Amino acid sequence: MLTLKYITENTPEVITRLAKKNFRADEIIAQVVELDKQRKQTQTAADNALSQSNALSKEIGMLFKQGKTEEANAVKEKTVELKEAIRELTEKQTSLELQLNDLLVQIPNLPHDSVPAGKHAEDNVIERSGGVMPQLPEGALPHWELAKKYDLIDFELGVKISGAGFPVYKGNGARLQRALINFFLDQAREAGYLEVQPPYVVNAASGYGTGQLPDKEGQMYHATVDDLYLIPTAEVPVTNIYRDVILNENELPIKNTAYSACFRREAGSYGKDVRGLNRLHQFDKVEIVQIQHPEKSYESLTEMVSYVQTLVEKLELPWRILRLCGGDMSFTSALTFDFEVWSAAQERWLEVSSVSNFESYQANRLKCRFKGNDKKTQLCHTLNGSALALPRIVAALLENNQTPEGIKIPAALVPYTGFDVIS
RNA sequence: GGAAAGUUGCCAGAGUGGUCGAAUGGGACGGUCUCGAAAACCGUUGUACGGGUAACUGUACCGAGGGUUCGAAUCCCUCACUUUCCGCCA
């Protein structure tokens with residue numbers, strides 16, 4: 001969430017910038033400013049009352065020690081009223097703080113100046129693109145047909161075991177998954193990321209830390225008996241490593257990478273958008289996360305985008321990078337670049353990565369701070385990106401590389417798969 | 001799953017009702033000494049919010065939440081977690 005300080009000190013600017021995210025902020029911001037004013041007044045009053053009470057208590061202690069019991073009891077009388085006042089004031093203060101927090105979590109992150117205006121995905125700006133569009137042979141098949149033809153993925157079997165959206169990968173299909181995961185992790189390590197293996201279920205505090213809770217509660221699977229949530233992305237456990245942490249400035253940037261299975265309930269979509277591998281309840285992804293100094297976070301964002309570009313290039317997929325417009329960006333992001341690869345048989349672009357700078361928005365909830373060389377403590381900036389999500393990469397690989405002889409595996413991946421063609 | 005013991009600052013660890021934001025030791029940082037280093041000595045070393053231009057100052061925080069009391073790190077209750085032993089187990 002945004003910091004109270006920033007909102008109260010830059011109120012008009014906050015409202016203007018949020019308009020780019022198509023968020024009408026004037027009312028809620030006015031409420032925040034008003035509540036904050038009340039909060040400050042209440043705290044001052046409460047602190048004064050507590051201060052008096054502390055002084056009286058000390059006095060009573062001294063009097064008892066000196067054996068002046070009667071005088072002590074007289075002072076005790078005075079505390080009765082004060083106690084009541086303290087109770088009321090602190091209750092009011094707590095209530096105001098809760099109200100403020102409720103409002104703050106409803107305010108999205110401020111978009112970066114470079115974010116284009118717009119409402120929908122069509123308003124996103126193509127940043128750059130590359131790769132060669134494949135010429136498919138006669139009778140080219142979409143990936144779900146290819147998966148069946150070569151016995152790589154069994155969607156029906158997944159339905160039997162779990163339900164729709166839980167495919168079973170078999171044989172070379174399973175080996176391709178494993179190859180991609182290892183390839184992505186090795187690449188990330190070479191790019192300076194520390195590999196971590198996080199838990200796949202998290203507690204509610206972690207869900208709040210990265211912003212899945214409370215707003216996106218319905219998107220996560222919830223194991224209610226133990227009150228744990230299945231992670232929708234490794235971003236959640238990995239970023240939460242740094243919850244309630246004060247780092248040293250010279251530890252920055254922190255660069256972590258993690259593979260995890262990801263679980264998403266994703267209710268409400270149907271049709272060709274969700275055919276085959278396009279949208280799943282369980283999928284594999286390698287994630288990259290950075291914790292960075294505020295002055296350098298946009299350098300890191302550029303670096304992460306370039307890094308993801310090298311991955312799609314090594315996989316020889318036609319790709320493009322979109323700068324998301326205000327209306328298509330996530331609630332928590334300040335600037336997001338999406339990667340899409342061309343799915344030749346479906347003849348559509350598939351989103352395979354989303355790389356974002358959250359600035360201090362996420363760090364504020366996480367309480368992820370660093371102590372600078374000037375001894376001041378301030379919030380870090382957090383960034384993350386998929387590098388990459390597997391299913392749509394697999395879809396594009398299968399479709400784009402189909403030939404009469406079988407499906408060709410890109411050269412960079414062959415050392416990982418152990419085969420160069422699926423036939 | 002059963003039993004017991006714990007949870008205090010960067011770390012170790014003392015503190016069982018008042019002057020305790022908290023002894024002591026270690027670490028880190030700064031200084032003295034030194035050609036330099038070590039040793040020794042001296043000093044500094046939490047977070048959040050409020051007031052103040054500032055120096056500074058008020059309040060809260062000793063796992064979390066509640067209670068008792070004029071006053072709680074300290075007493076009581078609930079919960080979470082950790083460790084050890086037993087059971088079960090990849």
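This structure is a prediction, so every number in the text was calculated from the model and none was measured.
- Taking a pair to require two hydrogen-bonding distances under 3.5 Å in either a Watson-Crick or a G-U wobble arrangement, B:A48 pairs with B:U59.
- If you check B:U47, B:U59, B:G51 against the side chain of A:D47, the one that comes closest is B:U59.
- Between A:Y259 and A:Y200, the ring planes lie perpendicular to each other; the angle is over 60°, past the 30° to 60° tilted range.
- Across every strand in view, B:U74 sits unpaired, with no contact that passes the Watson-Crick or G-U test at under 3.5 angstrom.
- A gap of 12 Å separates the P atoms of B:U7 and B:A12, to the nearest Å.
- Across B:A22 and B:U16, the matching C1' atoms stand 14 Å from one another, rounded to whole Å.
- Distances from the side chain of A:N54 to the nucleotides B:C70, B:U47, B:U59 place B:U59 closest.
- Of the P atoms belonging to B:U34 and B:A38, the separation is 15 Å, rounded to the nearest Å.
- Following rounding to the nearest Å, A:D227 (CG) and B:A64 (P) show an atom-to-atom distance of 20 Å.
- At the heavy-atom level, A:L82 lies nowhere under 4.0 Å from the strands shown.
- Residue A:Q43 has its side chain nearest to B:G58 when only B:G46, B:G58, B:G71 are considered.
- Picking from B:G51, B:G71, B:G58 the nucleotide with the shortest atom distance to the side chain of A:K83 gives B:G71.
- Side chain of A:N124 to backbone of A:C325: a donor-acceptor contact under 3.5 angstrom is found.
- Distance CD (A:E59) to C1' (B:G71): 13 Å, rounded to an integer number of Å.
- Using modelled atom types and a 3.5 Å distance limit, the side chains of A:R275 and A:N278 yield no donor-acceptor pair.
- Phosphate contact (OP1/OP2 of B:U59, side-chain N/O of A:S51, threshold under 4.0 Å): present.
- Remark: B:A14 base-pairs with no nucleotide in the shown strands. Criterion, Watson-Crick or G-U wobble with two distances under 3.5 Å.
- Each of B:U47, B:A60, B:G18 was ranked by its minimum atom distance to the side chain of A:L50; first place goes to B:A60.
- Atom C1' of B:C85 sits at a distance of 41 Å from the matching atom of B:A48, rounded to the whole Å.
- Between the side chains of A:S300 and A:Q290, at least one donor-acceptor pair of N or O atoms lies under 3.5 Å.
- With P as the reference atom, B:G18 and B:C76 are 16 Å apart, rounded to whole Å.
- Comparing B:U84 with B:G31, their P atoms sit 44 Å apart, to the nearest whole Å.
- Taking atom C1' on both nucleotides, B:C62 is separated from B:A72 by 11 Å, rounded to a whole Å.
- Note on A:S57: a base of the nucleic acid sits closer than 4.0 angstrom, heavy atoms only.
- Pairing of B:C35, defined by two Watson-Crick or G-U wobble distances under 3.5 Å, is not identified with any nucleotide.
- Note: A:F358 and A:H381 fail the aromatic proximity criterion, with ring centroids not under 6.0 Å apart.
- Position along RNA chain B of the nearest nucleotide to A:K40 versus A:L56 favours A:K40 as the more 5'-ward residue.
- Pairs engaging residues 410-423 of chain A under the side-chain hydrogen bond (donor to acceptor under 3.5 Å, both in side chains) rule: A:D186-A:Y416 [sequence neighbours left out].
- If you check every strand for non-hydrogen atoms under 4.0 Å, A:T377 touches sugar and phosphate atoms only.
- For A:R39, taking side-chain heavy atoms from C-beta onward, the closest of the listed nucleotides B:C49, B:C70, B:G58 is B:C49.
- Checking B:C89 for Watson-Crick or G-U wobble geometry (two distances, each under 3.5 Å) identifies no partner in any strand.
- Under the Watson-Crick and G-U wobble criteria, each requiring two contacts below 3.5 Å, nucleotide B:A5 is paired to B:U82.
- As the counterpart of B:G30, B:C42 is assigned, both hydrogen-bonding distances of the Watson-Crick or G-U wobble pattern falling under 3.5 Å.
- Checking side-chain atoms of A:Y307 against main-chain N and O of A:A188 turns up a donor-acceptor pair under 3.5 Å.
- Nearest-nucleotide assignment on RNA chain B puts the 5′-proximal partner with A:K58, out of A:Q52 and A:K58.
- The nucleotide B:A23 finds no pairing partner, because no Watson-Crick or G-U wobble arrangement with both distances shorter than 3.5 Å includes it.
- If you take CZ of A:F370 and C1' of B:U47, they are 16 Å apart, rounded to a whole angstrom.
- Heavy atoms of A:K371 sit under 4.0 angstrom from primed sugar atoms or phosphate atoms, though from no base atom.
- Here the separation of B:G63 from B:C56, taken at their C1' atoms, is 33 Å to the nearest Å.
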